[in-house]
Amino acid sequence: MKADLTSDDPRARANALRRLAMHGATRDAAAVVALIDDHAVFDDRDECSDHEEANRTPVRLVAIETLAALAAPGAYREVFDRALADGDLRVRAAATLGASGEALLARLAVEEDRGVRYRVAVALHPADVAVGVLEELSTGDDFAALAAGVVLDAMA
């Protein structure tokens, strides 16, 4: 497994991370952290998705998702907090899985993407802030609005 994480091929590194997410243990999280800053991209298209975005999937996205699967609750918060500032909105959205409440609130103040704002809202623990963001998002006509409406309806 170690050889796959250090492979020259970004797809091989991503696949090794995915295997760790499914079969790894908490102790494997430290090895995953080394790939959080991996800016290589790979073609992640399959027969179901062939859009351009999948053509440039960053290894760091898979690393953040894997770290969320492996890390003990509250562990590696600084790594998740730093990833909230990533230039790729998919990485920012994934970082909400383990970021601190303070970092989530700070990101909420500057985040423009509605999908990421939704992910921040559902990750927040101060319910009044989360509900406020969900109410704001529910007024749109996109997927974030639909998802926010479902969550709000479930809370009623």
Side-chain angles (χ1 to χ4, degrees), residues 1-2 4-22 24 28-46 48-126 129-130 132-148 151:
M1 182 65 70
K2 198 69 154 169
D4 289 336
L5 289 176
T6 59
S7 171
D8 289 337
D9 179 13
R11 184 181 196 77
R13 292 192 302 274
N15 286 337
L17 286 165
R18 288 174 173 151
R19 281 192 303 277
L20 270 178
M22 291 178 12
D28 297 319
V32 173
V33 172
L35 293 174
I36 297 294
D37 294 320
D38 187 333
H39 286 272
V41 295
F42 64 99
D43 185 346
D44 203 22
R45 292 177 289 185
D46 60 19
C48 297
S49 68
D50 61 353
H51 51 86
E52 285 186 35
E53 194 170 81
N55 190 26
R56 50 184 177 74
T57 300
V59 172
R60 67 188 186 282
L61 170 61
V62 181
I64 282 288
E65 292 169 340
T66 301
L67 186 60
L70 295 176
Y76 298 100
R77 289 239 188 249
E78 68 285 350
V79 174
F80 289 105
D81 290 355
R82 191 175 75 242
L84 278 175
D86 195 275
D88 189 308
L89 66 92
R90 297 169 293 170
V91 174
R92 293 194 308 272
T96 64
L97 296 170
S100 67
E102 297 81 20
L104 289 167
L105 287 170
R107 185 71 222 170
L108 189 59
V110 298
E111 182 59 56
E112 295 179 8
D113 182 82
R114 291 173 54 81
V116 176
R117 288 180 62 79
Y118 172 78
R119 293 282 300 265
V120 169
V122 297
L124 279 171
H125 293 290
V129 174
V133 174
L134 291 171
E135 287 172 345
E136 170 205 326
L137 289 171
S138 70
T139 62
D141 61 352
D142 56 3
F143 180 74
L146 178 65
V151 173

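The first residue of the sequence shown is numbered 1, and numbering continues consecutively from there. Quantities reported herein were computed from a predicted structural model and do not represent experimental measurements.
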For this session: Locate the shortest heavy-atom distance separating Ile64 from Ala95; write the atom from each residue and the value.
Result: CG2-N, 3.7 Å

Seminar exercise, completed: With sequence neighbours left out, the residues meeting side chain to side chain donor-acceptor pair (under 3.5 Å) with Asp88 are Arg90

Exercise. Can you tell if the side chain of Tyr118 reaches within under 4.5 Å of the side chain of Val133, non-hydrogen atoms only?
Worked result: no

Problem set entry | Nearest atoms (heavy-atom pairs only) where Gly101 meets Leu124 | O-CD2, 4.1 Å

For this session: May I ask you to decide whether Arg13 forms a salt bridge with Asp38, counting only side-chain N to carboxylate O separations under 4.0 Å?
Result: yes

Exercise. Do Phe80 and Leu67 have side-chain heavy atoms sitting under 4.5 Å apart?
Worked result: yes

Problem set entry | Thr57 side, atom OG1; Asp43 side, atom CG - distance, nearest 0.5 Å | 7.5 Å

Exercise. Is there a donor-acceptor contact under 3.5 Å from the side chain of Asp4 to the main chain of Asn15?
Worked result: no

Problem set entry | Trace of the side chain to side chain contact (heavy atoms under 4.5 Å, CB included) decision for Leu108 with Val129 | CA-CA 10 Å; Leu108 189 59; Val129 174; 4.0 Å; yes

Problem set entry | With Asp142 via salt bridge (Lys or Arg N to Asp or Glu O under 4.0 Å) - residues at least two apart | Arg114

Using residues 69-79 as the side-chain source, report each donor-acceptor pair under 3.5 Å to any protein atom, sequence neighbours left out, with the distance given to one decimal.
| unit_1 | atom_1 | unit_2 | atom_2 | d |
| --- | --- | --- | --- | --- |
| Tyr76 | OH | Ala30 | N | 3.4 |
| Arg77 | NH1 | Gly98 | O | 3.0 |
| Arg77 | NH1 | Ala99 | O | 3.0 |

Problem set entry | Arg56 (side chain) donor-acceptor with Val41 (main chain) under 3.5 angstrom | no

Problem set entry | Value rounded to 0.5 Å, distance of CG in Leu89 from CG in Leu61 | 10.0 Å

For this session: Please answer whether the main-chain N or O of Glu135 pairs with a side-chain N or O of Ser138 as donor and acceptor at a distance below 3.5 Å.
Result: yes

Exercise. Between Ala121 and Ala130, what is the shortest heavy-atom contact and its length?
Worked result: O-CB, 3.2 Å

For this session: Among residues two or more places apart or on two chains, list those pairs meeting side-chain hydrogen bond (donor to acceptor under 3.5 Å, both in side chains) that have a residue in residues 59-68.
Result: His39-Arg60, Arg60-Asp86

Seminar exercise, completed: In short, Val91 meets Pro58 closest at the heavy-atom pair CG2-CG, 4.2 Å

For this session: Locate the shortest heavy-atom distance separating Val120 from Leu104; write the atom from each residue and the value.
Result: CG1-O, 3.5 Å

Seminar exercise, completed: Nearest heavy-atom contact between Leu5 and Ala16 is CD2-CB, 3.8 Å

For this session: For Arg82, enumerate each residue passing the side chain to side chain contact (heavy atoms under 4.5 Å, CB included) test, keeping only those at least two apart in sequence or located in another chain.
Result: Ile36, Asp37

Exercise. Considering residues at least two apart in sequence or located in another chain, which fulfil the side chain to side chain donor-acceptor pair (under 3.5 Å) criterion with Glu136?
Worked result: Arg117

